[in-house]
There are 2 protein chains.
Amino acid sequence: MTRETVVPRVAPTLEAVAAAAGVSRSTVSRVVNGSSQVSPEVLAAVTSAIERLNYVPNRAARSLANRQTMAIALVVPEDTQRFFGDPFFAEVMLGITSVLEDSDYVLNLQLAKPSDPSEKAMRYLLGGNVDGAIVVSHHSGDDFFTTLDATIPVVFGGRPFQPEHHPSSFVDVDNAAGAALATRHLIGLGRTKIATISGPADMQAALDRHHGWSDTLREAGLDASLAATGDFTMHGGAQAMRELLEREPELDAVFAASDLMASGAVSVLRRAGRRIPEDVAVVGFDDSPAALSGEIRLTTVHQPSRIMGAEMARMLLARLRGETVETSRLMPTHLVARDSA
Amino acid sequence: MTRETVVPRVAPTLEAVAAAAGVSRSTVSRVVNGSSQVSPEVLAAVTSAIERLNYVPNRAARSLANRQTMAIALVVPEDTQRFFGDPFFAEVMLGITSVLEDSDYVLNLQLAKPSDPSEKAMRYLLGGNVDGAIVVSHHSGDDFFTTLDATIPVVFGGRPFQPEHHPSSFVDVDNAAGAALATRHLIGLGRTKIATISGPADMQAALDRHHGWSDTLREAGLDASLAATGDFTMHGGAQAMRELLEREPELDAVFAASDLMASGAVSVLRRAGRRIPEDVAVVGFDDSPAALSGEIRLTTVHQPSRIMGAEMARMLLARLRGETVETSRLMPTHLVARDSA
DNA sequence: CTGAAAGCGCTTACAG
DNA sequence: CTGAAAGCGCTTACAG
């Protein structure tokens with residue numbers, strides 16, 4: 001259209017640096033990649049040329065040549081709302097980025113639809129765009145992610161559904177044990193009508209926590225039928241609480257499988273005139289910031305979310321380096337007694 | 001090390017598809033890229049070969065050849081905590097992803113340190129990894145981002161600092177006008193000692209909102225000296241409120257430059273025995289979910305965050321297409337009167 | 001409508 | 001320690 005007088009500031013290439021330093025491309029490539037096979041003088045000349053030209057290697061060319069992208073994907077099969085709404089994800093991401101910072105890898109966040117990764121997301125993950133992936137919040141419909149491991153290494157945050165089908169590597173806590181901790185605490189408080197608000201049945205962690213609750217109750221000879229399902233959100237927790245209250249107005253305790261759901265339950269209980277913890281004791285799970293931001297300081301099962309994120313990253317990086325690493329890492333939980341139970 | 005008996009499931013290339021379909025690579029490339037210059041029969045043959053081999057184009061090779069990455073970066077110069085803590089960012093990201101979904105672009109999230117993007121982030125942005133960038137939450141120290149536009153198109157969320165230096169394209173609201181709306185509302189309520197909690201002075205939006213407040217006050221002949229600075233977080237808002245209360249215990253209104261800061265202020269005011277809105281009227285800014293999740297339903301200045309995100313993406317995509325687009329887009333604000341003022 | 005060929009900017013054996 | 005050359009998997013004029 002218009003006459004362009006602007007010099008098309010093309011990014012300098014290896015070639016240009018080589019010319020400027022008076023050496024071959026191979027040599028420049030060596031210094032860029034930190035090879036020790038370079039004489040001090042040449043090193044200096046090349047380094048200064050790089051500085052002078054402000055050279056940055058072209059990632060596409062590099063990837064094409066050595067088949068590494070130096071990128072890893074963080075896949076969260078949840079909608080944006082839930083991703084941002086639950087502090088758990090922030091903590092995990094914080095842990096991941098903290099270890100990636102010290103590496104040459106960059107993180108690509110991929111929010112996918114639960115149990116139905118988009119065509120686009122699948123192509124992205126399979127199209128050689130990342131060297132590995134971390135999948136947090138796996139749902140049972142997501143077969144794609146468990147089989148993805150055949151193409152690139154993937155580490156799950158939380159034991160994925162059907163690991164027997166495709167043995168996946170993951171970092172998790174012993175969810176059943178954590179739930180048992182919470183339930184025993186409630187029993188120790190003398191409660192007898194102990195309900196639970198479970199997470200979605202298509203998530204392994206939700207199932208495990210549910211079983212931890214029911215097994216503990218049965219061992220104690222208590223009824224384990226008072227269960228409702230939430231979706232790990234505050235709203236879902238409130239909804240489930242209403243249902244439980246209707247079914248059993250006399251309930252005196254509830255174990256919610258997440259702090260957010262516990263918060264929702266607390267609101268409903270109070271609005272229904274129950275004092276917490278006097279009338280109804282509530283225990284959450286996560287010990288995320290959400291445990292402290294609600295109407296009452298939540299008693300909850302602590303899981304080291306940030307550290308778990310860091311472990312996921314470390315595990316993936318180790319596999320990327322070709323090291324033999326354990327397929328799973330289980331982190332400890334503990335009960336944090338505060339005001340709600 | 002060990003003898004590998006596993007077939008190294010190499011991803012099929014264009015070449016392989018061409019062979020399978022009995023055509024040239026050029027032809028396969030054409031159908032992959034949706035060229036119309038292909039006969040129906042050949043189209044069918046190639047399509048079926050692609051299906052059969054499960055072919056996914058190698059992105060690095062494609063990028064190298066046509067100099068497009070089909071990726072754009074969302075850069076947020078804030079730490080992970082604040083990024084996840086403020087619903088504003090979630091809304092913007094939601095808007096961005098909604099328009100990107102219908103395109104072939106993927107989004108790469110880059111959290112950078114305020115006023116000091118890491119070496120790594122800079123290299124990433126300059127290294128041909130993305131075709132363009134959206135920068136939300138720009139601080140005055142970030143010269144890198146304003147100059148980045150010389151290399152790849154960047155659209156700012158919120159007018160960047162020093163746009164005169166490097167005319168940047170951005171989408172924003174008229175922050176001063178929004179603040180004036182809030183302030184006039186407070187004046188209309190008969191308040192006379194109207195304070196403000198501003199955002200950080202290194203952000204243009206914070207400055208603009210502050211001026212909207214002070215100009216309106218001066219026009220009304222009221223004192224405009226009661227100002228404290230927060231950092232856009234709840235904690236920062238609380239801190240600033242304490243300071244204001246100490247300086248002027250008689251204050252009867254406060255305009256906070258964000259809902260999160262308004263929430264922090266509300267807590268402090270109540271703890272100090274003030275009734276809201278009777279004793280002190282509070283107006284926030286954003287109308288994000290945070291306006292409804294606190295102790296009181298906040299009266300606030302609505303800005304269409306999600307739509308703004310969508311506009312940023314649309315604007316960037318248009319520039320990527322080589323279209324001539326306006327350099328800035330200003331969205332409207334309006335006051336939402338609820339319970340706090 | 002289709003194919004042969006050059007080129008995108010790197011890395012990596014292979015010689016020397 | 002250094003360089004020439006092939007190759008990574010695509011796209012894109014250029015012919016035909």
Side-chain angles (χ1 to χ4, degrees), chain A residues 8-47 49-50 53-71 104 123-124 126-129 131 151, chain B residues 8-47 49-50 53-71 104 123-124 126-129 131 151:
Chain A
R9 308 210 309 97
V10 174
T13 66
L14 242 204
E15 184 90 55
V17 176
V23 298
S24 74
R25 285 147 62 203
S26 316
T27 299
V28 178
S29 178
R30 287 191 191 96
V31 350
V32 168
N33 292 298
S35 162
S36 55
Q37 307 287 73
V38 182
S39 71
E41 307 81 58
V42 172
L43 210 195
V46 174
T47 303
I50 287 176
L53 299 180
N54 211 281
Y55 171 71
V56 176
N58 176 303
R59 182 178 286 235
R62 191 188 278 219
S63 289
L64 185 57
N66 71 5
R67 291 137 168 303
Q68 282 189 237
T69 64
M70 297 315 271
D104 286 324
R123 294 177 71 84
Y124 185 79
L126 291 172
N129 300 291
D131 295 337
T151 308
Chain B
R9 307 209 311 96
V10 174
T13 66
L14 241 205
E15 183 90 55
V17 176
V23 299
S24 74
R25 285 148 61 204
S26 317
T27 298
V28 177
S29 178
R30 287 191 191 94
V31 350
V32 167
N33 292 297
S35 161
S36 56
Q37 307 289 73
V38 183
S39 71
E41 307 80 60
V42 172
L43 210 197
V46 173
T47 303
I50 287 175
L53 300 181
N54 213 279
Y55 170 71
V56 176
N58 177 302
R59 181 177 287 234
R62 191 189 277 220
S63 290
L64 184 57
N66 70 7
R67 293 138 166 302
Q68 283 189 236
T69 63
M70 297 315 271
D104 286 325
R123 293 176 71 84
Y124 186 79
L126 291 172
N129 300 291
D131 295 336
T151 308

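All values derive from a computational prediction rather than experimental measurement. Order of the sequence lines fixes the chain letters, A, B, ..., with proteins taken first and strands second; residue numbering starts at 1 for each chain.
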Looking across every strand, which nucleic acid part, if any, lies under 4.0 Å from B:V32 by heavy atom: base, sugar-phosphate, or nothing? nothing
Measuring only between side-chain heavy atoms, which start at C-beta, is A:N33 closer than 4.5 Å to A:R62? yes
Kindly point out which of C:dT11, D:dT11, D:dG9 is positioned nearest to the side chain of B:R62? D:dT11
Looking only at heavy atoms, which two atoms of A:M70 and A:D131 are closest? And how far apart? N-OD2, 2.7 Å
Nearest-neighbour nucleotide for the A:T27 side chain, C:dG9, D:dC1, D:dG3 considered: D:dG3
Rounded to whole angstroms, how far apart are CG on B:L14 and C1' on C:dG3? 14 Å
Between C1' of C:dC10 and CZ of B:R59, the distance in whole Å: 19 Å
For A:S39 and D:dT2, is the shortest distance between a side-chain N/O and OP1 or OP2 below 4.0 Å? yes
What does D:dA4 pair with, Watson-Crick or G-U, if both distances are under 3.5 Å? none
Of B:V38 and B:A65, the one whose closest DNA chain C nucleotide lies more 5': B:V38
To the nearest angstrom, how far is A:L64 atom CG from D:dC8 atom P? 9 Å
Provide, to the nearest angstrom, the distance between the CD atom belonging to B:E15 and the P atom belonging to D:dT11. 13 Å
Does C:dG7 have OP1 or OP2 under 4.0 Å away from a side-chain N or O of B:R67? no
Which nucleotide sits closest to the side chain of A:R30: D:dG9, D:dG3, D:dC10? D:dG3
In the structure I gave you, are the side-chain heavy atoms of A:V23 and A:V31 within less than 4.5 Å of one another anywhere? no
Output the rounded distance in Å from CG (B:N33) to P (C:dC1). 17 Å
Could you tell me how far apart A:N66 (CG) and D:dG9 (C1') are, to the nearest whole angstrom? 14 Å
Out of D:dG9, D:dG3, D:dT12, which has the shortest distance to the side chain of A:S26? D:dG3
Atom CD of B:Q37 and atom P of C:dC1 are separated, to the nearest Å, by 5 Å
Quick note, B:V42 side chain, CB onward, closest among C:dT2, C:dC8, C:dT11 is C:dT2
Measure CZ/B:R25 against P/D:dG9 and give the value in whole Å, please. 10 Å
Would you tell me if any nitrogen or oxygen in the side chain of A:S24 comes within less than 4.0 Å of OP1 or OP2 on D:dT2? no
Whether the side chain of A:N66 engages the backbone of A:Q68 through a donor-acceptor N/O pair (distance < 3.5 Å, no angle test) should be reported. yes
Would you check if the side chain of A:S29 reaches a backbone N or O of A:R25 as a donor-acceptor pair within less than 3.5 Å? no
